[in-house]
Amino acid sequence: MIIGVKSASLFTNAFKLQFTMSQKKSDFKDESCGKIENFIHCEKDELDLGVTLKGGQSFRWVECNDGYRGVFHNTVWTLVHRDNKIFYTIHGSLKNDLNYGEILSKYFRLDVPLKENIQKWADCDSHFKTAYDQVGPVRILDQDIVENLFSFICSSNNNITRISGMVEKLCRIFGDKICELENQTFFDFPKIENLTSSDVESTLRKEGFGYRAGYIIKSAKKLKELGGKMWLQGLMKENGVTYEHARENLMLLPGIGPKVADCICLMSLGHLEAIPVDTHIFQVACANYTPHLSKQTAVTPKIHQEINVYLRNLWGPLAGWAQTIVFCAKITSADKRKNKKRSAKKNVQKSCQTKRTRKKT
């Protein structure tokens with residue numbers, strides 16, 4: 001079944017006005033310590049902050065008190081979602097001419113109302129509704145293209161915890177210092193030029209990056225030849241570039257196959273129809289959408305394309321957004337199963353230990 005989801009530019013003026021009004025409020029600045037505190041409006045049913053920040057899109061967010069702390073836009077942010085408002089505190093080299101409320105709204109793509117699309121996806125797909133009921137409103141982050149690209153090169157055959165560790169190492173070793181906060185030093189993501197020096201590969205291999213170290217320096221050098229960040233930004237949808245063209249060009253870079261290219265298209269280039277097909281989405285597709293592929297043991301480019309096309313036809317122009325919600329539900333279920341197994345194993349070990357202790361006494 002094919003559904004017609006409106007493009008992002010056609011969403012309701014009332015929703016946009018709600019955020020525009022909140023963005024125009026002045027930031028409360030404390031110049032002496034490089035700190036800003038303020039808030040933007042965002043309803044709870046439009047954003048689950050935890051799943052969105054920790055669900056495999058960005059790898060620089062950690063839990064902090066009642067919210068989350070992370071780095072983007074060369075700044076350290078602490079976010080708390082309460083009473084339909086996102087309260088933010090930011091630190092770093094802050095600029096007077098920037099509206100940080102607008103920057104945060106853009107990061108969460110708050111100009112795109114999620115509720116009406118959730119309903120459309122749920123109406124055409126019962127499995128999507130089940131997935132949404134598990135995780136709630138996950139938003140697609142609008143991420144820096146350079147950070148996103150190299151982060152997902154690190155994602156090859158990896159899990160979120162290890163990817164997060166690798167990204168932090170990249171920042172600590174090759175990034176610029178932002179500030180110190182609560183006995184922790186925060187670093188910006190490294191510039192492309194910083195990843196082209198001769199010692200990059202050997203340094204990263206020592207840090208446990210394995211074969212990904214070679215891909216990182218080779219892609220950095222290739223990007224430098226092509227024009228760096230400006231070349232990447234030229235692949236954005238807003239510049240009139242098609243999803244297919246952007247994807248094809250990204251795969252010219254070492255270490256970037258169909259899945260990573262789709263992640264970059266979806267999360268940084270505005271091609272919200274892109275469907276990254278990893279192991280989790282492959283398993284979901286086999287179980288619910290393309291059962292004839294269930295005997296396949298690997299996600300080949302051909303299989304990736306078949307699943308990609310099927311789900312784009314099913315979910316429409318914002319298919320990548322729907323996929324992200326399904327993906328988050330899948331990894332959440334997997335984590336719950338792992339925790340349940342760990343708990344059962346600990347109970348067995350505890351029981352055995354108790355029995356040994358009784359025998360001794």
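FYI, the numbering just counts along the sequence from 1. All values reported here derive from a predicted model rather than from experimental measurement.
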For the pair [X] and [Y], find out whether any cationic side-chain nitrogen is under 4.0 Å from an anionic carboxylate oxygen.
{"X": "Glu63", "Y": "Lys54", "answer": "no"}
{"X": "Asp66", "Y": "Arg82", "answer": "no"}
{"X": "Lys191", "Y": "Asp176", "answer": "yes"}
{"X": "Lys229", "Y": "Asp144", "answer": "yes"}

Ignoring hydrogens and angles, tell me if any N or O in the side chain of [X] forms a donor-acceptor pair with the backbone of [Y] under 3.5 Å.
{"X": "Thr130", "Y": "Ser126", "value": "yes"}
{"X": "Gln57", "Y": "Arg139", "value": "yes"}
{"X": "Arg312", "Y": "Ile275", "value": "no"}

- Does Lys85 make a cation-pi contact with Phe39, if we ask for NZ or CZ under 6.0 Å from the ring centre and within 45° of the axis?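 Judged by the rule (NZ or CZ under 6.0 Å from the ring centre, within 45° of its axis), Lys85 counts as positioned above Phe39.
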From [X] atom [atom1] to [Y] atom [atom2], the distance as rounded to the nearest 0.5 Å:
{"X": "Ile103", "Y": "Ile40", "atom1": "CD1", "atom2": "CD1", "answer": "11.0 Å"}
{"X": "Asn308", "Y": "Ile303", "atom1": "CG", "atom2": "CD1", "answer": "13.0 Å"}
{"X": "Leu318", "Y": "Ile140", "atom1": "CG", "atom2": "CD1", "answer": "9.5 Å"}
{"X": "Ile331", "Y": "His280", "atom1": "CD1", "atom2": "NE2", "answer": "6.5 Å"}
{"X": "Glu102", "Y": "Asp111", "atom1": "CD", "atom2": "CG", "answer": "11.5 Å"}

- Message: Please enumerate all residues that pass ring pair (Phe, Tyr, Trp, His ring centres under 6.0 Å) together with Phe150, with sequence neighbours excluded.
- Response: none
- Message: Any non-hydrogen side-chain atom of Trp321 less than 4.5 Å from a side-chain atom of Val112?
- Response: yes
For residues 196-208, please give each side-chain donor-acceptor pair under 3.5 Å, one per line with the distance, not counting sequence neighbours.
residue, atom, partner, partner atom, Å
Thr196, OG1, Glu193, O, 2.7
Ser197, OG, Asp199, OD1, 2.8
Glu201, OE2, Arg205, NE, 3.2
Glu201, OE2, Arg205, NH2, 3.3
Ser202, OG, Asp199, O, 3.1
Thr203, OG1, Asp199, O, 2.7
Arg205, NH1, Gly210, O, 3.3

Taking atom types as modelled, is there a side-chain donor on [X] or [Y] under 3.5 Å from an acceptor on the other?
{"X": "Thr78", "Y": "Arg69", "value": "yes"}
{"X": "Thr75", "Y": "Tyr100", "value": "no"}
{"X": "Trp315", "Y": "Asp125", "value": "yes"}
{"X": "Glu46", "Y": "His41", "value": "no"}

- Task: Show your working on side chain to side chain contact (heavy atoms under 4.5 Å, CB included) between Arg109 and Leu141 and close with a plain yes or no.
- Result: CA-CA 7 Å; Arg109 300 183 194 270; Leu141 299 174; over 6 Å; no
- Which atom pair, heavy atoms only, marks the closest approach of Tyr88 to Leu79?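 What the structure gives for the nearest pair is CB-CD2, 3.5 Å.
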- Item | Exercise: identify the closest heavy-atom pair between Ala274 and Cys265 |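 Residues Ala274 and Cys265, closest heavy atoms: CB-CB, 4.0 Å.
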- Message: Restricting to side chain to side chain contact (heavy atoms under 4.5 Å, CB included), what partner residues turn up for Ser155, sequence neighbours left out?
- Response: Phe152, Ile163, Lys259, Val260
